[in-house]
Asks: 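Quick one: the structure is below, and I'll ask about it shortly.
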Amino acid sequence: MRMASGVLREAIVDVDAIAENVRHLRRLTASEVIAVVKADGYGHGAHRAAVAALRGGAARIGVSDIDEALALRRQGIRAPLFAWLHAPGVSFAEAVHHDIELGISDLDQLLRAGAAAGDRPAAVHLKIETGLSRNGIAPADWRQVFSEAARLERIGRVRVVGLFSHLSNTSPDDDRAALARFEEGVVIAASAGVNPPLRHIAATNAAIALPEARLGCVRIGIGLYGVSPFDDRSAADLGLRPAMTLRGAVAAVRRVPAGTGVSYGYDYRTARDTTLALIPLGYADGVPRQASGRGPVSIDGRRFTVAGRIAMDQFVVDVGDHPVAVGDEAVLFGDPTLGVPSAREWADAADTIDYEIVTRVGARVPRREGGA
Ligand SMILES: *Cc1c(COP(=O)(O)O)cnc(C)c1O
């Protein structure tokens, strides 16, 4: 296939896949979905991911930072928005003014939320620590923070929308132990007078693999984008469709003799007379340099491997005697059921996870909505 002329590199985002993945996970979990579009929608574009997820029936949108939530509001997202990782000493006034729900991990944040209430209470989800050792209200502080939340709720400064936590995905037993601690927290909160409508602890992994963690509300990130959180199950195994295809136009081809060194350091030398094709994506575009000599590329339905080092803007593949021409489409990853490499293959080549492969696609790569 040929790329449109003038296009060097692009990430095609299949928004219908995102909507369909949400529908599928809603059905599978019989739970409402908080669609997580932090980090620019895991590289897919936060706004388009949010719009697609809402079209697929997501009930609310989750992000890490308040600034991400405010940007979505400015872009017209009217659905409930939820942000949970806050700068030290932050004022929540703007967030509350724009109806951003706040994840609250300690008493200081709770008091700041109460102080930010204006003509309406600050909507909060209280995050409780259940074993991940990140943020979240420590068990020793549960009673005090829950009592204060109940008091602030009574005087109209705060509205507690949810209680939540996050799992380590270490093993089903570890996650069940965390879930049991969460249930203890829910009981203690209720005894302090905090009875929010939502409880949520499962991200994509537990939403699929640990039915007792669904609790009627799940926070789905990676699953939205059609990427599997499991080592041993592909997206297709889970009924999910990858949303991103990363591709570039072959920017140059040259015929070279045996023994030709390729790219910095000559880590690769041609074994025989061959053709080299230049692919205009590099580590500035999120292609991991770590995958030098290993990453897969599909050109015209054939699989090739990165030859030598991945540079900032480009890398080379040795295509042998295959007739590759300038302007041919080179797919780094997409939907593997269509015969192209998967983000997982790049993750394996770079010794990382496919979450990182899609999320790190650089700002220089234009995103375009389209089908697979
Ligand atoms: C990122 C994140 C999620 C989404 O996780 P996935 O594994 O991508 O589904 C859910 N909850 C919290 C708190 C997160 O930080």
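Numbers here simply count residues along the sequence, with the first being 1. Numbering of ligands and ligand atoms starts at 1, following listing order. As the structure is a prediction and not an experimental result, all values here were calculated from the model.
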Asks: Purely on distance, is any nitrogen or oxygen of N205 under 3.5 Å from one on ligand 1?
Replies: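 N205 vs ligand 1: no N/O contact under 3.5 Å.
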Asks: Do other residues, nucleotides or ligands put more than 12 heavy atoms under 6.0 Å from R159 CZ?
Replies: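 Not buried by this count: 12 neighbours or fewer within 6.0 Å.
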Asks: Please could you name the atoms of ligand 1 that G221 approaches to less than 4.0 Å, counting only its heavy atoms?
Replies: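 Every atom of ligand 1 under 4.0 Å from some heavy atom of G221: 4 (C), 6 (P), 8 (O), 9 (O).
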Asks: What I'd like to find out is whether the side chain of V51 reaches to under 4.5 Å of the side chain of I77, using heavy atoms alone.
Replies: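 Yes; the side chains approach each other to less than 4.5 Å.
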Asks: Tell me, which protein residue and heavy-atom name are nearest atom 7 (O) of ligand 1, and how many Å apart are they?
Replies: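 Here the closest protein heavy atom is Y355 OH, 2.6 Å.
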Asks: Check for me, please, whether L278 and M312 land in the same ILVMFWY cluster - side-chain distances under 4.5 Å, paths through other members count.
Replies: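 Unlinked, L278 and M312 end up in two clusters.
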Asks: Could you check atom 2 (C) of ligand 1 against the protein and tell me its nearest heavy-atom contact, residue, atom and distance included?
Replies: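 I find the closest protein heavy atom is K38 NZ, 2.5 Å.
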Asks: What protein heavy atom sits nearest atom 12 (C) of ligand 1, and how far away is it?
Replies: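 Looking only at protein heavy atoms, the one closest to atom 12 (C) of ligand 1 is H166 CE1, 3.5 Å.
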Asks: V250 and side-chain contact (heavy atoms from CB on, under 4.5 Å): which partner among V297, I279, V317, V319?
Replies: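 When side-chain contact (heavy atoms from CB on, under 4.5 Å) is applied between V250 and each of V297, I279, V317, V319, only I279 qualifies.
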Asks: Say whether I222, considering both its backbone and side-chain N or O atoms, lies within less than 3.5 Å of an N or O atom on ligand 1.
Replies: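 Yes - when backbone and side-chain N and O of I222 are compared with those of ligand 1, one distance drops under 3.5 Å.
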Asks: Please work out whether the ring planes of F92 and H86 are parallel, tilted or perpendicular, with thresholds of 30° and 60°.
Replies: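 Geometry flag for H86 against F92: perpendicular rings.
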Asks: I need the nearest protein heavy-atom contact for atom 5 (O) of ligand 1: residue, atom name and distance, please.
Replies: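 Heavy-atom neighbour on the protein nearest atom 5 (O) of ligand 1: A203 CB, 3.4 Å.
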Asks: Which ligand 1 atoms, with their elements, are less than 4.0 angstrom from a heavy-atom of W84?
Replies: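 In order of numbering, the contacting atoms are 12 (C), 13 (C), 14 (C), 15 (O).
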Asks: Counting only heavy atoms from other residues, nucleotides and ligands, does the tally under 6.0 Å from NE2 of H97 exceed 12?
Replies: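 No - once you tally the heavy atoms of other residues, nucleotides and ligands closer than 6.0 Å, there are 12 at most.
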Asks: Please check if atom CZ in R2 has more than 12 non-hydrogen atoms from other residues, nucleotides or ligands closer than 6.0 Å.
Replies: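 Yes, enclosed.
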Asks: Just to confirm my output: which protein heavy-atom neighbour is closest to atom 11 (N) of ligand 1, and how far is it?
Replies: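 Looking at atom 11 (N) of ligand 1, the protein heavy atom closest to it is R219 NE, 2.8 Å.
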Asks: Of all the non-hydrogen atoms in the protein, which one sits nearest to atom 9 (O) of ligand 1, and at what distance?
Replies: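 Going atom by atom, the protein heavy atom closest to atom 9 (O) of ligand 1 ends up being T204 OG1, 2.5 Å.
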Asks: Output yes when a side-chain donor or acceptor of S292 lies under 3.5 Å from a complementary backbone atom of I310, and no otherwise.
Replies: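 Looks like yes, one N/O pair under 3.5 Å.
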Asks: Among all protein heavy atoms in this structure, tell me which lies nearest to atom 8 (O) of ligand 1, with the distance rounded to 0.1 Å.
Replies: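 Answer for atom 8 (O) of ligand 1: Y42 OH, 2.6 Å.
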